[in-house]
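Following: one structure in structure tokens, then a few remarks.
Every chain is numbered from 1 and lettered A, B, ... according to where its sequence line falls, protein lines coming before strand lines.
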Amino acid sequence: MQIKLTINDKAVKWDVANDELLADTLRSHGLLSVKKACDTSCCGLCTIWIDGKSMLSCSILSVRVHGKKITTIEGLPQEAEEFARILSAEGAEQCGFCSPGFIMSVLAMKNELVNPTEEEIIHYLTGNLCRCTGYMGQLRAIKTYLGVA
Amino acid sequence: MKSVGQSIRKIDGMAIAMGKPVYTEDLAMANALVVKILRSPHAYAKITSIDISKAESLEGVECILTYKDVPNQRFTLAGQSYPEPSPYDRLILDQVVRYVGDEVAIIAAVDEKTALLAMKKIKVEYEVMEPVLDFEQAIGHSSVVHTEEDLSCNFDIGLQKDQNITSSCHEEVGDVEEEFKQCAVVVEDVYYPQAQAHTMMETYRSFTYLDHVGRLIVLSSTQVPFHIRRQLARALQISSTKIRVIKPRIGGGFGGKQTGAGDIFAAIVTLKTGKPAMIIYDRKETFSCTTSRHAMRISVKLGADQDGFIRALDMQVLSDTGAYGEHAPTVLGCVGHYTLPLYNKTRAVRFDGKAVYTNKMPAGAFRGYGATQGTFALESTVNKLAEHLKMDPTELRLKNISKVGETFLTGHGVRLGSSSLDRCIAKGKELIGWEEKFPSRDVGNNKVRAVGMAITMQGSGIATIGTASAEIRLNDDGNVTLLTGATDMGTGCDTILSQMAAEILEIPMEKIIVNAGDTDTSPYDPGSYASSTTYVAGAAVVKAAEELKGKILEQGAAFLEVTLQDVEFNGSGVRTLSGDQEISLAKLAELTILGRGNLQLVGYVTQGCEVSPPPYVAGFAEVEVDRETGKVDLIDYVAVIDCGTVINPNLARIQAEGGIAQGIGMALYEQVRYDEIGKMATNSFMQYKIPTRKDVGKVRIEFEESFEPTGPFGAKSIGEVVANTPPPAISHAIYNAVGVREHHLPITPEKVFLGMKKLI
């Protein structure tokens with residue numbers, strides 16, 4: 001069926017299959033920052049925003065986002081780059097495969113939580129797995145980004 | 001130094017962090033055939049009939065291949081230098097399937113739905129055989145995993161296939177039994193380090209097509225492009241000149257991608273159909289149809305004299321290599337190679353090991369490569385020895401560790417070139433607060449806190465086998481191109497190798513183009529494994545840069561019409577010592593290539609690996625154990641590292657933190673498990689728990705630099721050694737907390753609880 005939606009501030013009409021997952025739809029339209037890595041909705045790599053809220057695009061049928069506003073990291077070049085620079089300065093992107101989804105979660109957290117504690121940061125981001133870094137460098141980057149010690 | 005020693009960000013960092021299309025799947029053609037694999041539901045069976053007619057007739061199915069359609073040439077998927085020590089024991093598809101998940105048929109279709117529908121329409125009948133599931137029962141089992149006559153080895157690895165023995169090794173110096181009799185204290189124990197899954201975030205994948213001259217092009221998420229080329233040539237029975245393997249950005253490896261996975265299936269589809277093809281292993285296949293760390297049983301016996309000098313060491317290993325022998329002999333050997341040299345006050349040492357076939361997923365290379373398992377066993381025993389000697393475990397180490405300039409019993413006279421392990425131990429003690437916290441203290445509320453420790457070593461490259469070539473060209477515009485076969489898998493080696501070249505050539509990093517990991521254009525390199533890249537490839541880059549610098553000076557002197565002794569190079573150009581004449585690098589390059597020089601300047605070096613200098617880690621854990629439930633919280637982990645000179649502090653720190661986290665996973669959470677019919681029970685992140693950011697506690701890394709005389713700028717390796725200390729250090733801390741010595745990893749709350757109740 002055809003769905004109408006907004007992708008990174010651009011109105012589009014896409015034909016999608018009834019059983020198509022949003023992550024696949026996004027990738028097929030060239031939004032290749034969206035990665036799939038677990039098949040069980042628990043790694044966070046496919047994190048995007050729907051109407052400003054971070055969601056797992058592997059767990060939503062594309063037909064369900066008709067009329068919605070979708071944001072991927074491609075749609076946030078400045079905001080994402082600001083944090084990506086800090087992350088990369090720590091060396092905490094490592095293989096980079098989990099970074100786009102992780103960055104989308106971090107930016108969403110910044111919008112949602114006011115002056116989060118370390119515990120709140122860790123809790124908010126638990127669903128974003130990373131096998132390279134051991135998470136400490138990511139935490140350092142977040143603290144620098146949020147300006148907390 | 002301007003570049004080396006600086007925390008320069010990764011040259012690809014922003015692109016990968018921002019999700020640019022630079023990984024295998026991103027680069028594949030949209031019309032690539034989708035390749036799927038029909039896999040065995042049985043742990044051990046022979047295919048008696050296979051009917052593909054209904055599947056083949058489906059619209060959109062391009063090709064279906066069974067064991068009848070593949071070359072009859074056995075090979076190994078282990079990515080190792082030729083001649084590979086791993087046995088040639090597999091076919092692309094075999095009539096016999098040896099584990100649940102073994103490949104039965106290859107299906108290629110225009111899209112995933114069609115491929116999966118076709119898979120369902122393939123009818124297979126099996127003659128089911130009794131599998132070998134318990135590796136401790138494998139030797140002499142009534143079932144033999146490999147009976148085929150054409151299984152072969154490149155050299156004697158101690159294989160006895162009728163006994164299910166994949167490989168054996170034995171090393172002995174001195175009379176161990178006699179020394180034990182002389183010892184005042186003798187301790188021994190048996191340890192079971194488990195199979196662990198790599199769980200790199202990017203699963204295995206490969207995209208293949210034929211180029212304009214009909215060559216097979218393979219884009220692969222691999223750590224070993226040159227080995228994949230050789231593997232494909234042998235398995236497909238085509239010339240390696242017909243194959244080009246390109247490694248794009250890859251989403252983690254941890255040794256997993258040192259073993260071939262889907263490349264062979266996509267490649268054969270492209271060869272059969274002439275069409276582009278792509279295979280992507282889903283997470284379930286990645287868990288259950290690739291490789292894991294070798295599960296082992298390790299017995300260690302240690303003897304010490306009254307003063308606490310370790311005089312006799314005996315280690316016996318049984319390693320479960322699963323259905324195929326990828327990395328079986330080498331991982332087995334490394335259990336000893338990377339543990340025995342730690343302590344050199346010994347008078348007798350014995351190491352005996354066997355790797356066995358079972359009907360489970362093959363084991364393979366995994367960061368640490370046997371050292372991780374061996375460290376858990378040896379260091380746990382050393383901690384036990386310290387207790388029996390009534391010595392502080394850190395003091396026992398300081399008394400027994402090998403020092404610079406010394407040899408060790410099984411080391412063939414090679415002297416230790418660098419070590420700051422004593423300083424690592426001292427620093428670690430200070431950071432964790434050892435003096436105040438060892439062994440334990442009650443913190444109330446039924447909880448007790450305790451500390452534990454362990455030390456470890458690894459190698460840097462493989463002595464006498466490791467090699468790397470590097471080429472640095474001065475381009476027509478005065479910039480340089482660095483060509484290397486080293487394989488950046490997120491580790492940052494493209495960056496640190498550039499840092500080294502920039503340092504020697506005294507040019508900024510921006511003037512260096514890195515081209516790496518392409519078998520057509522890169523000089524030969526085995527790939528990124530065995531902790532080789534910084535040490536071996538780094539040394540090649542340094543020497544190639546020095547060679548190029550020498551040629552630039554010669555060319556500069558010729559253009560300035562003065563002697564070589566009268567000129568110097570300052571990164572931007574060549575000038576006379578008196579400073580009155582100068583030619584810029586750009587002008588020199590232009591004249592050299594386009595003008596009267598007639599020779600593009602190139603530095604080209606092949607670097608061998610005479611020795612494999614060990615990096616060291618002293619690891620300290622502080623845990624809090626709940627006496628009521630057995631729950632263990634990791635409060636603090638301190639790792640102090642000697643990797644020689646640190647080339648890029650931030651990248652080294654991240655490598656270390658990530659390795660420690662994997663070790664924490666191995667110590668407390670992770671285990672590849674099978675059910676009673678041999679089917680993997682942990683084939684998703686829902687059953688196989690890797691640490692989340694809530695599970696790692698606080699990890700602190702410090703460096704105690706040494707200077708390795710054979711290393712580039714004094715550097716040694718760091719990639720693997722960092723994974724080894726958590727299992728023994730955390731296990732030690734738990735013992736100090738509640739008196740439970742758990743030898744089966746991972747140490748779950750259930751095991752701690754039952755241990756406290758003395759129920760196991």
Chain B contact via A/Leu139 - which portion, at a heavy-atom distance below 4.5 Å
neither

Nearest non-hydrogen partners of B/Phe685 and A/Cys38, listed with the distance
CD1-CB, 3.6 Å

Go through B/Gly665, B/Gly658, B/Ala661 and name the one with the most non-hydrogen pairs under 4.5 angstrom from chain A.
B/Gly658

Mind listing the closest non-hydrogen atom pair of B/Met201 and A/Cys98 along with its distance?
CG-CB, 4.4 Å

Pairs where residues 46-67 of chain A contributes a residue and the test salt bridge (Lys or Arg N to Asp or Glu O under 4.0 Å) is met, not counting sequence neighbours
none

Would you mind checking which part of B/Val699 comes under 4.5 Å of any heavy atom in chain A, side chain (CB onward), backbone (N, CA, C, O), both or neither?
both

Give me the atom names and distance for the closest heavy-atom approach of B/Ala17 to A/Ala84.
CB-CB, 4.2 Å

As an exercise, state the distance from CD1 of B/Ile701 to CE of A/Met136, rounded to the nearest 0.5 Å.
9.0 Å

Does atom CE of B/Met686 have more than 12 heavy-atom neighbours, drawn from other residues, nucleotides or ligands, at distances under 6.0 Å?
no

So for A/Ile103, is it side chain, backbone, both, or neither that comes closer than 4.5 Å to the heavy atoms of chain B?
side chain

Is chain B contacted by the side chain of A/Phe102, its backbone, both, or neither, given a heavy-atom distance below 4.5 Å?
side chain

Between B/Gly252 and A/Cys95, which heavy-atom pair has the shortest distance, and what is it?
N-CB, 3.4 Å

Contacting moiety of B/Ile654, where chain A heavy atoms sit under 4.5 Å:
both

Residue B/Phe287 versus chain A: region with a heavy atom under 4.5 Å
neither

Can you give me the closest heavy-atom contact between B/Gly251 and A/Phe97, atom names plus distance?
CA-CB, 3.9 Å

Between chain A and chain B, which N or O donor and acceptor atoms come closer than 3.5 Å?
{"residue": "A/Asp19", "atom": "OD1", "partner": "B/Lys113", "partner atom": "NZ", "Å": "3.1"}
{"residue": "A/Asp19", "atom": "OD2", "partner": "B/Lys113", "partner atom": "NZ", "Å": "3.3"}
{"residue": "A/Arg27", "atom": "NH1", "partner": "B/Asp26", "partner atom": "OD1", "Å": "3.4"}
{"residue": "A/Arg27", "atom": "NH2", "partner": "B/Asp26", "partner atom": "OD1", "Å": "2.5"}
{"residue": "A/Ala37", "atom": "O", "partner": "B/Arg283", "partner atom": "NE", "Å": "2.6"}
{"residue": "A/Ala37", "atom": "O", "partner": "B/Arg283", "partner atom": "NH2", "Å": "2.8"}
{"residue": "A/Asp39", "atom": "OD2", "partner": "B/Arg283", "partner atom": "N", "Å": "2.9"}
{"residue": "A/Arg85", "atom": "O", "partner": "B/Arg9", "partner atom": "NH1", "Å": "2.8"}
{"residue": "A/Ala89", "atom": "O", "partner": "B/Asn650", "partner atom": "ND2", "Å": "2.6"}
{"residue": "A/Gln94", "atom": "O", "partner": "B/Lys10", "partner atom": "NZ", "Å": "2.9"}
{"residue": "A/Gln94", "atom": "NE2", "partner": "B/Gln655", "partner atom": "OE1", "Å": "3.4"}
{"residue": "A/Cys95", "atom": "O", "partner": "B/Tyr23", "partner atom": "OH", "Å": "2.6"}
{"residue": "A/Phe97", "atom": "N", "partner": "B/Tyr23", "partner atom": "OH", "Å": "3.3"}
{"residue": "A/His123", "atom": "ND1", "partner": "B/Lys694", "partner atom": "NZ", "Å": "2.6"}
{"residue": "A/Leu125", "atom": "O", "partner": "B/Arg693", "partner atom": "NE", "Å": "3.0"}
{"residue": "A/Asn128", "atom": "O", "partner": "B/Arg693", "partner atom": "NH2", "Å": "2.9"}
{"residue": "A/Arg131", "atom": "NE", "partner": "B/His198", "partner atom": "O", "Å": "2.9"}
{"residue": "A/Arg131", "atom": "NE", "partner": "B/Thr199", "partner atom": "OG1", "Å": "2.7"}
{"residue": "A/Arg131", "atom": "NH1", "partner": "B/Glu670", "partner atom": "OE2", "Å": "2.8"}
{"residue": "A/Arg131", "atom": "NH2", "partner": "B/Ala197", "partner atom": "O", "Å": "2.9"}
{"residue": "A/Arg131", "atom": "NH2", "partner": "B/Glu670", "partner atom": "OE1", "Å": "2.8"}
{"residue": "A/Arg131", "atom": "NH2", "partner": "B/Glu670", "partner atom": "OE2", "Å": "3.4"}
{"residue": "A/Thr133", "atom": "O", "partner": "B/Gly658", "partner atom": "N", "Å": "3.4"}
{"residue": "A/Tyr135", "atom": "OH", "partner": "B/Pro691", "partner atom": "O", "Å": "2.8"}
{"residue": "A/Gln138", "atom": "OE1", "partner": "B/Arg693", "partner atom": "NH1", "Å": "2.9"}
{"residue": "A/Gln138", "atom": "OE1", "partner": "B/Arg693", "partner atom": "NH2", "Å": "2.9"}
{"residue": "A/Arg140", "atom": "NH1", "partner": "B/Glu657", "partner atom": "OE2", "Å": "2.8"}
{"residue": "A/Arg140", "atom": "NH2", "partner": "B/Glu657", "partner atom": "OE1", "Å": "3.1"}
{"residue": "A/Arg140", "atom": "NH2", "partner": "B/Glu657", "partner atom": "OE2", "Å": "3.2"}

Counting only heavy atoms closer than 4.5 Å, note whether A/Ile122 contacts chain B via side chain, backbone, both or neither.
both

